[in-house]
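Here is the structure we will look at, set down as structure tokens.
Everything numeric here is computed off the predicted structure, so don't read it as measured data. Protein chains get the first letters and strands the later ones, always in sequence-line order, with residue 1 at the start of each.
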Amino acid sequence: MELVPGIKLAVQAVLAEKYNHRIDSQDVLVNETKPEFKGDYTVVLFSYSKILKISPDALGQGIGEFLLNSNPDWFSEFNVIKGFLNLVMADNILIDFLHTQYNNASYGSQSVNGKRVMVEYSSPNTNKPLHLGHLRNNFLGWSVAAIYKTLGYDMIKTCIANDRGIHICKSMVAWKLFANGATPESTGLKGDHFVGDYYVLFGIELKKQVETLMTSGLAREKAEKEAPLMIAAQKMLVDWEAGVPEVIELWKKMNDWVYAGFDITYKRIGSDFDKIYYESQTYLLGKDLVEIGLAKKVFFKKEDGSVWIDLKPDGLDEKIVQRSDGTAVYMTQDIGLAERKYEEYHTDLSLYVVADEQNYHFKVLKLICQKLQLPSAAGLYHLSYGLVELPSGRMKTREGTVVDADDIIDEMTSIAAKHTEELGKVDDFTEKERKELYDTIGLGALKFFLLRVDPKKRMVFNPDESIDFHGFTGPFVQYAHARIKSILRKESMGEYSGSEITSLLPLEKELLISLEKYSSLLQQACTEMNPSLVANYVFSIAKIFNSFYSEHSIGRAESEYKKQLRLRICVMTARVIQSAMSLLGIKVPERM
RNA sequence: GGACCGGUAGCUCAGUUGGAUAGAGCAGCUGCCUUCUAAGCAGCAGGUCAUUGGUUCGAAUCCAAUCCGGUUCACCA
């Protein structure tokens with residue numbers, strides 16, 4: 001039995017038995033006791049005091065005495081201050097907890113529950129390289145999937161490659177006109193960067209053409225439409241849809257370059273997918289649903305032949321689902337893809353990790369699926385996250401302020417290398433071991449930085465200040481782990497049955513109380529789809545451990561049994577750190 | 001203009017089903033490496049929780065209004 005639920009049940013029982021007051025144990029308010037008061041957990045009594053018409057003080061005394069008498073193995077003391085009942089947990093229950101769980105490799109995880117969840121994340125455009133925003137998306141999606149998986153869900157990680165459309169044609173046109181047959185191989189560039197350069201070039205050249213046209217008297221809007229480059233891109237899109245062989249061939253060639261580049265980055269950051277959907281293969285999905293929607297009178301047709309849904313009764317506007325020329329729009333594709341996913345995987349839940357700019361889109365998507373009574377509707381959930389911004393605001397391709405993913409990863413690993421070399425603690429490492437360690441630390445810092453913030457909130461990244469390696473960071477947590485491993489290499493586990501030690505020092509107890517919370521913390525992180533809770537938790541574990549470590553000697557503990565107890569605390573702390581960090585996609589080193 | 005999101009220390013963020021004197025990290029300042037890794041520990045300093053009013057035993061948290069910032073409302077994706 002976990003501590004907090006146990007306390008809630010105990011309080012529920014007291015209220016029923018002693019005060020004849022029945023409540024749901026879930027409603028008992030149990031907090032961690034503030035450091036300035038004596039105790040571990042605090043029950044807030046104001047609401048019961050009011051209902052039962054007993055003063056908070058008397059009620060606290062009554063409940064406290066009852067709890068101590070009925071659960072002497074759980075509670076050792078209590079005190080009441082105003083309406084707060086502070087409970088001191090018995091050292092023995094924590095010592096027992098340690099003894100039974102310290103070596104449990106699956107501590108915190110749950111057995112398979114038969115539910116299936118799909119999470120779509122990353123979903124890049126195949127015309128430019130990944131940037132910092134994509135990294136937040138990738139880390140988030142991957143981590144949420146890992147958290148679900150450890151709690152027993154069958155996870156399917158997926159990604160939709162936005163591999164077609166006008167934006168793709170732009171880089172194709174630019175390459176055709178300006179590249180003179182250059183390739184990633186001939187230039188030595190990574191494929192996604194190579195193609196991205198042509199996408200940027202298209203923008204530059206287009207701007208020139210537009211300006212020329214405007215000096216000859218055209219309005220900007222018209223000039224943008226009539227610039228030869230734009231006309232060429234539009235034509236290429238039409239040719240692509242018509243399947244013109246040379247266009248298809250070029251499209252395939254350039255996309256393959258991009259995928260080769262993405263593969264390198266994905267491999268480096270540890271992103272992986274069980275299934276990849278390609279927009280080029282799914283963009284026509286949903287067209288048949290337009291007919292079904294019309295038949296069900298969920299959609300209606302306007303005079304020009306365009307098809308719409310009226311969402312005004314739901315507080316929204318009318319939304320188009322098919323153009324007057326009969327072509328599909330983004331929304332319709334997404335409805336089709338939602339159905340396709342459901343047919344293929346029969347998911348209980350289908351998550352979309354997509355930036356909060358698209359909140360409205362997903363609200364509408366879910367509504368339409370519901371109105372069409374599609375089976376995919378119920379589990380459809382938009383896991384919305386905030387953009388990564390610069391101190392000056394959004395990153396803009398045009399202003400060259402986009403923080404490139406490969407660049408930032410390189411920067412992080414080289415800072416890790418510099419720090420490590422300065423400290424000189426791993427001078428005996430081989431070249432390969434060092435490189436691995438720099439990756440572990442650099443990526444650890446980057447992932448932790450992006451995951452420690454509540455996903456729903458936008459966050460600021462300042463390129464002028466490199467991401468920290470001290471304090472509330474990945475390397476801080478990794479360091480605590482490396483320290484523990486260092487101890488465990490030097491000291492050996494010995495005789496200890498779990499009953500030789502009967503009392504704990506404050507830091508030992510604090511650490512055990514925190515370790516005990518891991519399971520419920522994971523449940524919460526899963527329910528809220530929020531890896532930042534895991535990041536905050538594992539940081540606090542590392543912090544308490546570091547205090548414990550500097551306050552108490554483990555190898556030279558006061559007694560052999562105390563040493564054995566502390567070694568077990570070390571083992572368990574290392575396990576929890578390793579486990580929690582792995583859910584964030586972060587490795588922990590044996591030495592650093 | 002409508003809808004939605006946000007405003008907490010110099011900076012980056014926790015804390016918001018209402019609970020005790022609002023917490024971390026960074027930056028700044030003091031101490032601590034002849035004993036298990038100082039990427040660390042201990043401490044100091046730093047706040048009108050955007051503003052105003054309301055609800056109540058109690059409000060950063062709930063309600064209303066206002067100010068500021070962002071996103072969105074395309075026959076774009």
#### Entry: Short side-chain N/O contact to B/rU37 OP1/OP2 from A/Lys490, under 4.0 Å
yes
### Query
Does any donor-acceptor pair link the side chain of A/Ser547 with the base of B/rA42 at a separation under 3.5 Å?
no
### Query
Which nucleotide sits closest to the side chain of A/Phe539: B/rA38, B/rA24, B/rA39?
B/rA24
### Message
Under 4.0 Å, counting only non-hydrogen atoms across every strand here, what does A/His481 touch: a base, just sugar-phosphate, or nothing?
### Response
nothing
### Message
Once you apply a heavy-atom cut-off of 4.0 Å, does A/Tyr330 come out as touching a base, just sugar-phosphate, or nothing?
### Response
base
### Query
Relative to the 5' end of RNA chain B, which residue comes earlier, A/Lys50 or A/Asp317, by the nucleotide with the nearest heavy atom?
A/Lys50
### Task
Under 4.0 Å between any heavy atoms, over every strand shown, what does A/Asn359 touch: base, sugar-phosphate, or nothing? Just pick one.
nothing
### Task
Identify whether any heavy atom of A/Lys425 sits under 4.0 Å from a base atom; if not, whether one sits that close to sugar-phosphate; answer base, sugar-phosphate or nothing.
base
### Task
Check every atom of B/rC76, B/rC41, B/rG25 against the side chain of A/Asn546 and return the nucleotide holding the closest atom.
B/rC41
### Query
At under 4.0 Å between heavy atoms, what does A/Ser540 touch on the DNA or RNA strands: base, sugar-phosphate, or nothing?
nothing
### Message
Considering every strand and a 4.0 Å limit on heavy-atom distances, what is the contact class for A/Glu590: base, sugar-phosphate, or nothing?
### Response
base
### Task
For the side chain of A/Phe476, starting at C-beta, report the closest nucleotide among B/rC26, B/rU71, B/rC41.
B/rC41
### Task
Scan A/Ile166 against the nucleic acid and name what it touches under 4.0 Å (heavy atoms): base, sugar-phosphate only, or nothing.
nothing
### Query
Is A/Arg394 touching bases, backbone alone, or none of the nucleic acid, heavy atoms closer than 4.0 Å?
sugar-phosphate
### Message
Counting primed atoms plus P, OP1 and OP2 as sugar-phosphate and everything else as base, spell out the protein contacts along nucleotides 9-22 of chain B at 4.0 Å heavy-atom distance: B, S or - for each nucleotide, 5' to 3'.
### Response
---BSS-B--BB--
### Query
For A/Glu279, which contact category applies under a 4.0 Å heavy-atom criterion: base, sugar-phosphate, or nothing?
sugar-phosphate
